[in-house]
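See below for the structure under consideration.
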Amino acid sequence: MHKMGAGFVMPNPWDAGSARILEQMGFAALATTSAGCAVSAGYRDGVAAVSRAMILENAAAIVAAVDVPVSADLEDGFGPAPEVCAETVRLAAGVGLAGGSIEDVTGGPDGGVYEIAEAANRVAAAAEAAREVGFVLTARSENYLVGRPDLRDTIARLQAYGEAGADVLYAPALPDLDAIRTVCAEVEKPVNVVMGLRAPLYSVTELQEAGVARISVGGSMARAAYGALQKAAAEVLGQGTFGYSQDAMPGTELMGMMRGEALDKRDG
């Protein structure tokens, strides 16, 4: 699926139910979202509030709910040491994930990124583990998310991560289509681009023409769902009306997309 210019869309469910809907809508692969996982558990994303166990538990539920490959947002690998990143990959494969991403951000509320050599060593360890377990490893350069809008450094990082063994390269929040096109031209591995994070927004066709192999949506679909909830609640509180229900997915359609096997309620 990861061919230059393929531009296949791999959306990001945040729980098993949203994963089933996306699978049945026709998407051929899915990826978890750390933001969606965090918010669905009542936590902020990006402040190291969500543990590796929580991320993998969420991912395992999504994997169990669908028959398509699932990749996971594995944040910063859940530790600075290369061997921890490798362990995270092995644990991720162990819950049935087909792939996952490792960031070069140092983690915690202060942000920052690792030096290129250290970041590449972390990717190399994760890539070795990925080869052992048949796992598609994505390496991420977080420059543009942590206030480092340096395209040359971002490209250098992605090139280093590709050389270290990453299968897919990803730099969230690239500023425009020219930057996306430049990244795709200057790295040798397939490139993932996220849409829905912030403007500008480009179509699948535009991204394919720029050379993008894979398109994800991050937490934007989760935010869309929570936005609909917020609007519905505001209508009830502010107007005392329930018109939002007319735009909701019909219950029969929603239930038709869920699993139908009976649960043994005696298990408690």
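As the structure is a computational prediction, the values presented were derived from the model and not from experiment.
Under a 4.5 Å side-chain heavy-atom cut-off, the cluster of Ile, Leu, Val, Met, Phe, Trp and Tyr residues that includes Val113 is completed by Val105, Val146. Tyr114 belongs to no multi-residue hydrophobic cluster, having no ILVMFWY side-chain contact under 4.5 Å with any other such residue. Side-chain contacts under 4.5 Å among hydrophobic residues (ILVMFWY), followed directly or transitively, place Tyr244 together with Val236, Phe242.
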Quiz: residues 1-10 side-chain donor-acceptor pairs under 3.5 angstrom, not counting sequence neighbours:
residue, atom, partner, partner atom, Å
His2, NE2, Arg214, NH1, 3.0

Residues 90-99 side chain polar contacts: donor-acceptor under 3.5 Å, at least two apart:
residue, atom, partner, partner atom, Å
Arg90, NE, Glu132, OE1, 3.4

Check: residues 167-176 side-chain donor-acceptor pairs under 3.5 Å, at least two apart:
residue, atom, partner, partner atom, Å
Asp167, OD2, Leu137, N, 2.8
Asp176, OD1, Asp178, N, 3.2
Asp176, OD1, Ala179, N, 2.8

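More than 12 heavy atoms of other residues, nucleotides or ligands shown are found within 6.0 angstrom of OH on Tyr202. The 12-atom threshold is exceeded at CD of Glu253, counting heavy atoms of other residues, nucleotides or ligands nearer than 6.0 Å. Atom CD of Gln239 has more than 12 neighbouring heavy atoms from other residues, nucleotides or ligands inside a 6.0 Å radius. Remark: Met25 CE is loosely packed, at most 12 non-hydrogen atoms of other residues, nucleotides or ligands lying under 6.0 Å away. For Glu235, the CD atom is densely surrounded, since the number of other residues' heavy atoms within 6.0 Å is greater than 12.
Partners of Glu186 according to the salt bridge (charged side-chain N to carboxylate O under 4.0 Å, His left out) rule, which considers only residues two or more places apart in sequence or in another chain, are Arg152. For Ser34, the side-chain contact (heavy atoms from CB on, under 4.5 Å) test picks out Asp45, Ile55, Asp73, Glu75, with sequence neighbours left out. With sequence neighbours excluded, the residues that form a side-chain contact (heavy atoms from CB on, under 4.5 Å) with Asn58 are Thr32, Cys37, Ile62. Considering only residues two or more places apart in sequence or on other chains, Tyr226 meets the ring-ring contact (aromatic ring centres under 6.0 Å, His included) condition with none of them. For Glu87, the salt bridge (charged side-chain N to carboxylate O under 4.0 Å, His left out) criterion is met by Arg52, not counting sequence neighbours. Checked against salt bridge (charged side-chain N to carboxylate O under 4.0 Å, His left out), Arg122 has no partners two or more places apart in sequence or in another chain.
Of all heavy-atom pairs spanning Phe78 and Leu74, the tightest one is CE1-O, 3.3 Å. Across Ala61 and Ala16, no two heavy atoms sit closer than the pair O-CB, 3.8 Å. Closest non-hydrogen pair, Ile116 versus Ala160, comes out as CG2-CB, 3.9 Å. Between Val217 and Pro11, the shortest heavy-atom distance links the atoms CG2-CA, 3.9 Å. Residues Pro13 and Thr33 come closest through the heavy atom pair O-CG2, 3.4 Å. Of all heavy-atom pairs spanning Ala127 and Ala164, the tightest one is CB-O, 3.7 Å.
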Subject >> Derivation and outcome, side chain to side chain contact (heavy atoms under 4.5 Å, CB included), residues Arg148 and Thr154 >> reply: CA-CA 9 Å; Arg148 292 168 50 100; Thr154 298; over 6 Å; no
Original post:
Which is it for Asp104 and Arg157 under the salt bridge (charged side-chain N to carboxylate O under 4.0 Å, His left out) test, yes or no, and what are the steps along the way?
Top reply: CA-CA 9 Å; Asp104 61 3; Arg157 287 173 175 276; 3.3 Å; yes
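Residues Val187 and Leu177 fall within the same hydrophobic cluster, defined by Ile, Leu, Val, Met, Phe, Trp and Tyr side chains chained together at heavy-atom separations under 4.5 Å.
We find the CD-CD distance between Glu163 and Gln159 to be 7.0 Å, quoted to the nearest 0.5 Å.
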